[in-house]
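First up is the structure itself, then whatever we jot down about it.
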Amino acid sequence: MAAELTSTKLNAENHLLLDQPLLRLPHELARRNFKSVQRIVEREREHVLPALKETANASLSNSQTPDQTLAALDAMISRMQGLKRKMENLHQEERRIHDQSKKRIQHLESLHQIPSLADVKYDQWSRVRLNRLVVDHMLRSGYTESAQQLAQEKDIEDLVDLNVFVQCQRIAESLRRGGTKDALQWCSENKAALKKSQYNLEFELRMQQYIEMLRTGDKEKVVEAMMHAQKYLASYVETQSAEVHRAAGLLAFPRDTNAEPYKSMYSSDRWAHLSDLFIRTHHELLSLPSRPLLHIALSAGLSALKTPSCHSAYTSSSSNSLSTTTSVCPICSTELNELARKMPYAHHAKSYVESDPIVLPNGRIYGQQRLLELSKKVGCVEAGKVKDPTTGEVFEEREMKKVYIM
């Protein structure tokens with residue numbers, strides 16, 4: 001009984017390792033919202049305070065009429081009203097983020113109130129998490145409408161990042177269609193954070209604009225491309241010198257060139273590369289995992305079940321008509337076999353080897369007594385012979401060799 005209770009005891013900390021992004025993303029969104037507030041207030045302060053001082057001095061020195069003073073004050077009041085509207089919108093966004101964080105914390109905290117894996121509450125909590133992982137996978141795969149419908153149906157809209165992934169997919173799709181406007185606007189909004197990024201998204205976007213200008217072959221566009229390179233690409237000469245030099249060399253090659261690397265630079269495949277680069281940069285800035293959480297959870301579960309026999313030549317009865325056994329192993333299934341192929345094997349601290357192991361000529365090991373009993377039950381094996389239950393091969397009993405575990 002003690003062993004059973006130990007095996008079903010719930011370790012909340014281990015479960016929450018997979019759920020770190022659940023709280024990390026709202027934190028990043030709150031930080032970005034605060035930075036936006038700070039940036040807007042600083043910009044307005046730098047404009048309003050000097051204007052107010054100038055108007056006050058002009059009024060005291062009688063260098064402007066009362067109507068001009070009132071007009072200047074009206075302009076400042078109008079500007080401050082605009083600031084107030086922006087602050088109200090940002091305040092509402094902050095409240096939404098805090099409400100979302102509160103519900104996520106409550107969801108994770110409820111796990112600490114569940115003592116056992118056998119508790120029905122744990123089954124309910126696990127189903128909510130499974131729904132979250134499915135929605136996350138659907139959002140990353142571009143099925144935004146289906147993900148929204150599932151989140152709404154399961155009432156987990158505050159536990160998934162619908163708006164974030166919808167915006168990400170929208171910009172990524174615009175890049176796949178050959179547009180850089182939305183992506184460059186996103187770069188402008190996150191300019192400070194992008195300085196710490198390991199990816200050069202803005203440079204690649206400016207490079208693509210340059211390539212598209214040269215692709216036309218029009219002389220005016222070529223001149224415009226040179227001005228564009230001087231304005232946006234020249235500043236990267238120290239950090240991206242090779243790419244800048246290749247951009248300069250591109251001026252000498254037409255769009256139908258076969259010379260590399262210029263042929264690849266003109267290739268339409270760059271748009272797909274830019275889309276993938278944006279997604280990686282977006283996830284990095286918001287501390288989102290690069291892989292779907294569903295894949296991570298599946299990988300952990302598959303590794304816990306995987307054994308060397310799962311990838312043998314005889315994985316199940318479906319792969320061998322002579323097999324007398326039916327495999328229900330998830331690793332051996334056609335759906336998960338390929339995903340599990342690169343996973344490490346499970347670590348088993350306790351051995352379940354039978355007390356009388358023997359090895360057959362084909363290298364497979366079984367318990368001698370159980371193998372003999374199974375061969376008799378099959379009924380189609382001659383006396384003095386045994387049948388491999390996995391491969392269906394028949395061997396003489398004398399061919400069995402005793403195995404000694406060291």
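None of these values were measured; they are calculated from a predicted model. Atoms considered below: every heavy atom in the structure, side chains included; atoms not considered: hydrogens, waters and symmetry mates.
Contact detail for F253 and A259: the closest heavy-atom pair is CE2-CB, 3.8 Å. In terms of heavy atoms, M400 sits closest to L360 at CG-CD2, 3.8 Å. Heavy-atom minimum distance, P26 versus Q100: CG-OE1, 4.1 Å. Closest approach of L214 to A225, counting heavy atoms only: CD2-CB, 3.7 Å. Closest of all the heavy-atom pairs between R246 and P261 is CD-CG, 3.1 Å. Here the shortest heavy-atom pairing between T55 and M76 reads OG1-CE, 3.8 Å.
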Could you pull out all donor-acceptor pairs under 3.5 Å where a side-chain atom in residues 198-206 meets a protein atom, sequence neighbours excluded?
{"unit_1": "N200", "atom_1": "OD1", "unit_2": "Q240", "atom_2": "NE2", "d": "3.4"}
{"unit_1": "E204", "atom_1": "OE1", "unit_2": "R270", "atom_2": "NH2", "d": "3.2"}
{"unit_1": "R206", "atom_1": "NH1", "unit_2": "Q209", "atom_2": "OE1", "d": "3.1"}

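The aromatic rings of F278 and W186 stand perpendicular to each other, their planes meeting at an angle above 60°, with 30° marking the opposite boundary.
Y266 and D256 share no side-chain donor-acceptor pair at under 3.5 Å. Using modelled atom types and a 3.5 Å distance limit, the side chains of S275 and R176 yield a donor-acceptor pair. For the 3.5 Å distance criterion, the side chains of E145 and Q149 fail to qualify, holding no donor opposite an acceptor. Using modelled atom types, one finds no donor on one side chain facing an acceptor on the other under 3.5 Å when comparing E42 with Q38. Using a 3.5 Å distance cut-off with no hydrogens or angles, the side chains of S264 and E260 do pair a donor with an acceptor.
A distance of 7.5 Å separates CG in L294 from CG in L130, rounded to the nearest 0.5 Å. Rounded to the nearest 0.5 angstrom, T281 OG1 and L274 CG are separated by 10.0 Å.
Residues satisfying the salt bridge (Lys or Arg N to Asp or Glu O under 4.0 Å) test with R43, not counting sequence neighbours, are none.
Among K103, K102, R104, the one residue that satisfies the salt bridge (Lys or Arg N to Asp or Glu O under 4.0 Å) test with D158 is K103.
A salt bridge links D19 to R132: one of the charged nitrogens lies within less than 4.0 Å of a carboxylate oxygen.
Residue pairs meeting the ring pair (Phe, Tyr, Trp, His ring centres under 6.0 Å) criterion with at least one partner in residues 97-133, sequence neighbours excluded, are H15-Y122, H107-W125.
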Exercise. Going through the checks in order, is the side chain to side chain donor-acceptor pair (under 3.5 Å) test met by E393 and N362?
Worked result: CA-CA 9 Å; E393 297 173 275; N362 61 4; 3.0 Å; yes

